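To start, the structure under review is shown below, and the notes come after it.
In this text, all values refer to a predicted model and were calculated from it rather than measured experimentally.
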Amino acid sequence: MPENYARENSIEYVARGIRDSRDAEYELFMAEKNKEYNERLSTVFFPAEKELCAVSSTHIRDNIDDLDSVKNMLCESVTEIIERIRKEI
């Protein structure tokens, strides 16, 4: 569970992205639950840029084998990490 990992590793903040009102509702619920289990854990929310609101982690995960097809949806540092990991494999 994220709240246990956070406690064991002295993490006090979780960053979460919000694309729309459904995300906000779900993420607020999860933040409340995490706080119940670990009172020191706070969640910080970042709204998605308008052009990226349709991007989901599921879409990225399902298409990551074709990195070029999702590269424009990822920040450069994430793309670089993925490319470095691929070279190591």
Quiz item: If two hydrophobic side chains count as joined below 4.5 Å and joins carry through other members, does Met30 share a cluster with Tyr37?
Solution: no
Exercise. May I have the step-by-step check of side-chain contact (heavy atoms from CB on, under 4.5 Å) for Glu12 and Leu41, ending in yes or no?
Key: CA-CA 5 Å; Glu12 297 180 12; Leu41 188 60; 5.7 Å; no
Quiz item: Do other residues, nucleotides or ligands put more than 12 heavy atoms under 6.0 Å from Glu51 CD?
Solution: yes
Quiz item: Under 3.5 Å, is there a donor-acceptor pair between the side chain of Asp20 and the main chain of Arg22?
Solution: yes
Exercise. Check Ala54 against Arg19 and note the closest heavy-atom contact, atom names and distance.
Key: O-NH1, 4.4 Å
Quiz item: What residues join Tyr13 in its hydrophobic cluster, counting side-chain heavy atom gaps under 4.5 Å, either direct or through other members?
Solution: Val44, Phe46
Exercise. Taking the side chain as every heavy atom from C-beta outward, state whether Arg40 and Ser10 have any pair of such atoms under 4.5 Å apart.
Key: no
Quiz item: Out of curiosity, does Leu52 fall in the hydrophobic cluster containing Leu67 (side-chain heavy atoms, cut-off under 4.5 Å, transitive links)?
Solution: yes
Quiz item: Are side-chain heavy atoms of Met73 and Ile60 found at a separation under 4.5 Å?
Solution: yes
Quiz item: Tell me, which pairs form a side chain to side chain donor-acceptor pair (under 3.5 Å) where one or both residues lie in residues 26-36, sequence neighbours left out?
Solution: Arg16-Glu27, Lys35-Ser42
Quiz item: Got Leu74 and Val55 here, is their nearest side-chain heavy-atom distance under 4.5 Å?
Solution: no
Self-check item: side chain to side chain donor-acceptor pair (under 3.5 Å) contacts in which one or both residues fall within residues 76-86, not counting sequence neighbours
Solution: Lys71-Glu83
Quiz item: If you take all heavy atoms of Asn63 and Ser69, which pair is closest and at what distance?
Solution: O-OG, 3.9 Å
Practice problem: Measure the CG-OG distance between Asp62 and Ser57 for me, rounded to the nearest 0.5 Å. | Solution: 9.0 Å
Quiz item: Where is the tightest heavy-atom contact between Ala31 and Thr43, given as atom of each residue plus distance?
Solution: CB-OG1, 3.5 Å
